[in-house]
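Residue indices begin at 1 and follow the sequence shown. None of the values given here were measured: they were computed from a predicted structure.
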Amino acid sequence: SDTDSKSVSITSSGQSRSVELSFVKIYGISRDITATSPAWARTDSAVGKTATATVGTTAGSSDFNNCYPWSGIVRETLSTGDVMVKIPKFWYRRYRSGNVEYLKIADKATSGFTLHPAFNHGGVAKDYLYVGAYKTTSGNKSASGVSPLVNQTRATMRSNAKAKGTGWGIIDIAALSAIQMLILVEFANNNVQSVIGRGYCDSNSSALSTGTCNNVSGLTGRPAGTDGKVDVVWRGIEGLWGNVWEWVDGVNWNNGTYYVCNDPSKYADDTTTNYTALSFKGATNWSSSYITQEGLDTGSNPHVMLPSAAGSGSETTYDCDACWSSTGWRVFLHGGTWGNGSGCGLFTAALSYGSSDSSSGIGSRLLYIPS
């Protein structure tokens, strides 16, 4: 049903011209945000597609392997020695009609869609970015077989990452949002712990070294072992939830108000300078509270998915993930840790730590935006 047209001119007999017809592919999902079920319905070119994760030696499969941008997500080792995951640019649209939220990803620029801000940091468009395949390890590397680097503040993690060179930092809200959207559209379920793996989260006592998912087929799913006692990986990104928390840049919180920035040169803690307040807010008394709704900004940041309501959900309903918060200035943590159990997941958020805090359960993940 797709159509496109091009014109060519033939000026002599025997002459030929090649014509490339370019069709925009849109992959979408929709969900009634008031419904308890975490499942989304597939829309557009995603209708009929399926995705399953690897469990031990049983390989998963995904119809999205041949669909851009998923087809362009690959692991690469950069000249710095860091093992990174390359994510190509895409265009998105996120909106609501009544209680139904729609999330759509387009492989090309098209009317009504916006280049995802992860590929437009500071107003400079990029064809791709890199996120750490592993949590940051000693020496501010993304490396296999090493314990995650912990016990540093977000500011220290940011500073040390930037010291690697131009374009380096720690994962920010824009990059996280891009990953969240790609996972949601592929698996059409908020409950990633059930469809991909719980992650290293159940009654563990210390951090797990990186690289335990290197042999997972397709680099999506989990290795052999008890679910909750082994790490999890999605398209080469290991441990996005569980093991240790990850500092996320570009988000500040003050008494329930979220402030967001998308210019890495201006990331700072405990400030509104160069930051924009989101149109939705959160509560200041969340404590292992299960999220029931992600906010949708009516301003310039509709890509941001952060908790707007929590408390009446559970590990199997709504967002299926937990959140924490407090009063005053706070910085943002994502994913959960080795002992947070069912509270871990794609949307797990902590807004209860201050900018001067650090912990053995808090680490980070590198982000590289090529110049």
Side-chain angles (χ1 to χ4, degrees), residues 33-34 92 94-96 101 103 114 116-118 120-123 153-155 157-158 169-181 190 245-313 318-319 321-336 343 345-359 362 364:
I33 59 174
T34 66
Y92 85 103
R94 180 181 176 227
Y95 64 99
R96 290 174 185 166
E101 178 168 319
L103 176 59
T114 302
H116 194 285
N120 199 23
H121 282 91
T153 65
R154 184 173 76 167
M157 291 281 195
R158 177 195 302 131
I170 60 173
I171 193 169
D172 62 12
I173 188 63
L176 175 61
S177 160
I179 294 168
Q180 289 172 324
M181 288 185 180
N190 290 334
W245 289 97
E246 294 178 16
W247 290 122
V248 178
D249 231 336
V251 178
N252 290 329
W253 159 282
N254 188 21
N255 290 322
T257 299
Y258 294 102
Y259 297 93
V260 172
C261 176
N262 194 41
D263 186 340
S265 69
K266 297 175 181 176
Y267 289 164
D269 302 334
D270 307 339
T271 183
T272 62
T273 302
N274 299 311
Y275 281 68
T276 301
L278 299 183
S279 62
F280 64 88
K281 296 186 177 182
T284 57
N285 60 346
W286 291 327
S287 180
S288 300
S289 305
Y290 280 95
I291 305 166
T292 54
Q293 191 172 130
E294 298 293 307
L296 175 59
D297 183 52
T298 57
S300 58
N301 295 289
H303 65 290
V304 173
M305 291 182 279
L306 290 167
S308 60
S312 59
Y318 300 104
D319 281 33
D321 302 332
C323 61
W324 292 256
S325 66
S326 188
T327 56
W329 283 108
R330 303 290 163 173
V331 284
F332 177 42
L333 285 165
H334 172 265
L346 188 61
F347 298 106
T348 299
L351 299 140
S352 51
Y353 283 78
S355 59
S356 62
D357 291 334
S358 62
S359 165
I362 300 175
S364 68

I'd like to know if the side chain of [X] reaches the main chain of [Y], judged simply by a donor and an acceptor atom lying under 3.5 Å from each other, with no hydrogens or angles considered.
| X | Y | value |
| --- | --- | --- |
| Tyr95 | Pro302 | no |
| Trp253 | Ser326 | yes |
| Tyr258 | Pro307 | yes |
| Ser325 | Leu351 | no |
| Thr292 | Ala309 | yes |
| Ser289 | Ser287 | yes |
| Gln180 | Phe347 | no |

Close side-chain approach of Asp249 and Trp247, heavy atoms under 4.5 Å: no
Val304 side chain near Asp297 side chain, heavy-atom distance below 4.5 Å: no
From [X] [atom1] over to [Y] [atom2], what is the distance, rounded to the nearest 0.5 angstrom?
| X | Y | atom1 | atom2 | result |
| --- | --- | --- | --- | --- |
| Trp329 | Asn252 | CH2 | CG | 6.0 Å |
| Ser352 | Asp357 | OG | CG | 8.5 Å |
| Tyr267 | Ile173 | OH | CD1 | 9.0 Å |
| Asp319 | Tyr290 | CG | OH | 12.0 Å |
| Ser359 | Leu333 | OG | CG | 9.0 Å |
| Asn301 | Leu296 | CG | CG | 10.5 Å |

Mutual orientation of the aromatic rings belonging to Trp245 and Trp324 [parallel < 30°, tilted 30-60°, perpendicular > 60°]: perpendicular
Parallel, tilted or perpendicular: ring planes of His116 versus Tyr92, cut at 30 and 60 degrees: tilted
Nearest heavy-atom pair of [X] and [Y]: which atoms, and what distance?
| X | Y | value |
| --- | --- | --- |
| Pro264 | Asn262 | CD-O, 3.7 Å |
| Phe280 | Ser308 | CD1-CB, 3.9 Å |
| Arg154 | Val248 | NH1-O, 2.8 Å |
| Ala310 | Trp286 | CB-NE1, 3.5 Å |
| Thr273 | Thr271 | N-OG1, 3.0 Å |
| Ala174 | Ala118 | O-CB, 3.5 Å |

Criterion side-chain contact (heavy atoms from CB on, under 4.5 Å) on Leu176 and Phe332, from CA distance to verdict: CA-CA 12 Å; Leu176 175 61; Phe332 177 42; 4.0 Å; yes
From Asp269, Asp172, Thr153, residue fulfilling side chain to side chain donor-acceptor pair (under 3.5 Å) relative to Arg158: Asp269
Candidates His303, Glu101, Glu294 - the one meeting side chain to side chain donor-acceptor pair (under 3.5 Å) with Arg94: Glu101
Distance-only side-chain donor-acceptor flag, Thr327 / Asn255, under 3.5 Å: no
Working for side-chain contact (heavy atoms from CB on, under 4.5 Å), residues Ser355 and Val331: CA-CA 6 Å; Ser355 59; Val331 284; 4.2 Å; yes
Atom OH of Tyr353 with >12 non-hydrogen neighbours under 6.0 angstrom: no
